[in-house]
Amino acid sequence: EVQLVESGGGLVQAGGSLRLSCLPFGFTIDEYGIGWFRQAPGKEREEISCISRSDSNIYYANSVKGRFTMSSDNAKNTVYLQMNSLKPEDTAVYYCARNIATEGCDYDYWGLGTQVTVSS
């Protein structure tokens, strides 16, 4: 069964940093890329970052560009999202998803999410 498990969320003050992890099960990040999404209460799910197979064609939404960075560790089969200079408007549940596209971003499975809350 395909699963994705996010971790690393928490409560931070504005200006702080967090690093989220996405651990896939049932596939490897050598075979599929990963996207990051977030959803705040009352808002639609927002795609914030995406990477295709083998760390190719990385994308960042304008809302996080320059502050968030994706990286990967193939040996650990883990994708990370480093979040710096956090703002209260970054508060949301953050999800990772499997990118089935060889190029670009197209998704079929999502994790259950991890809560990020930015205070002040």
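We number each residue from 1, following the sequence as shown.
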Ser49 side chain vs Tyr59 backbone, donor-acceptor pair below 3.5 Å: yes
Which heavy atom in Gly9 sits nearest to a heavy atom in Leu20, and how many Å separate them? N-CD2, 3.6 Å
Indicate yes or no for a side-chain donor-acceptor contact from Asp90 to the backbone of Lys87 under 3.5 Å, with no hydrogens or angles considered. yes
A side-chain contact here means heavy atoms from C-beta on lying under 4.5 Å apart; do Asp30 and Arg53 qualify? no
I need the minimum non-hydrogen distance between Arg98 and Leu4, along with the two atoms involved. N-CD2, 3.8 Å
Is it the case that the side chain of Ser52 and the backbone of Glu103 share a donor-acceptor pair, with hydrogens and angles ignored and the cut-off at 3.5 Å? no
Nearest-0.5 Å distance, OH of residue Tyr95 to CD1 of residue Ile48: 12.0 Å
In terms of the angle between their ring planes, are Phe37 and Tyr107 parallel, tilted or perpendicular, with boundaries placed at 30° and 60°? perpendicular
To check you understand the geometry: which heavy-atom pair defines the closest contact between Ile34 and Val79, and what is its length? CG1-CG2, 3.7 Å
A side-chain contact here means heavy atoms from C-beta on lying under 4.5 Å apart; do Pro24 and Ile29 qualify? yes
Can you confirm whether Thr114 sits close enough to Val93 that some side-chain heavy atom of one is under 4.5 Å from a side-chain heavy atom of the other? no
When rounded to the nearest 0.5 angstrom, what is the spacing between CG in Asn99 and OH in Tyr109? 14.5 Å
Shortest non-hydrogen contact from Cys50 to Gly104? SG-O, 4.1 Å
Roughly how far, to the nearest 0.5 Å, is the CD1 atom of Ile58 from the OG atom of Ser72? 8.5 Å
Run the numbers on Thr117 and Val12 for side chain to side chain contact (heavy atoms under 4.5 Å, CB included), then give the verdict. CA-CA 6 Å; Thr117 303; Val12 298; over 6 Å; no
Closest heavy-atom pair, Glu46 versus Ser63, reported as atoms and distance to 0.1 Å, is OE2-OG, 2.9 Å
Please answer: with hydrophobic residues joined when any side-chain heavy atoms are less than 4.5 Å apart, are Tyr32 and Val2 in the same cluster? yes
Evaluate the criterion side chain to side chain donor-acceptor pair (under 3.5 Å) for residue pair Ser21 and Glu6; output intermediate values, then yes/no. CA-CA 6 Å; Ser21 298; Glu6 305 93 340; over 6 Å; no
Which pair of non-hydrogen atoms, one from Ala92 and one from Ala40, has the smallest distance, and what is that distance? CB-N, 3.8 Å
Other residues, nucleotides, ligands: >12 heavy atoms within 6.0 Å of Glu89 CD: yes
As an exercise, state the distance from CG of Asn77 to OG1 of Thr28, rounded to the nearest 0.5 Å. 5.5 Å
Are the side chains of Leu23 and Lys76 in touch, meaning some heavy atoms are under 4.5 Å apart? no
For the residue pair Arg38 and Tyr94, would you count it as a cation-pi contact if the rule is NZ or CZ under 6.0 angstrom from the ring centre and within 45 degrees of the ring axis? no
Quick one: do Leu18 and Tyr60 end up in the same hydrophobic cluster if we chain Ile, Leu, Val, Met, Phe, Trp and Tyr together by side-chain heavy atoms under 4.5 Å apart? yes
Between Leu81 and Thr69, is any pair of side-chain heavy atoms under 4.5 Å apart? no
Interatomic distance, Ser71 atom OG to Ile51 atom CD1 [nearest 0.5 angstrom]: 8.5 Å
Heavy-atom neighbours of Leu112 CG exceed 12 at 6.0 Å: no
Give the C-alpha distance, both sets of side-chain angles, the deciding distance and a yes or no for side chain to side chain donor-acceptor pair (under 3.5 Å) between Asn84 and Ser17. CA-CA 4 Å; Asn84 298 325; Ser17 298; 2.9 Å; yes
Using 0.5 Å steps for rounding, measure from the OH atom of Tyr80 to the CH2 atom of Trp36. 10.5 Å
Any side-chain heavy atom of Met70 within less than 4.5 Å of one from Gln82? no
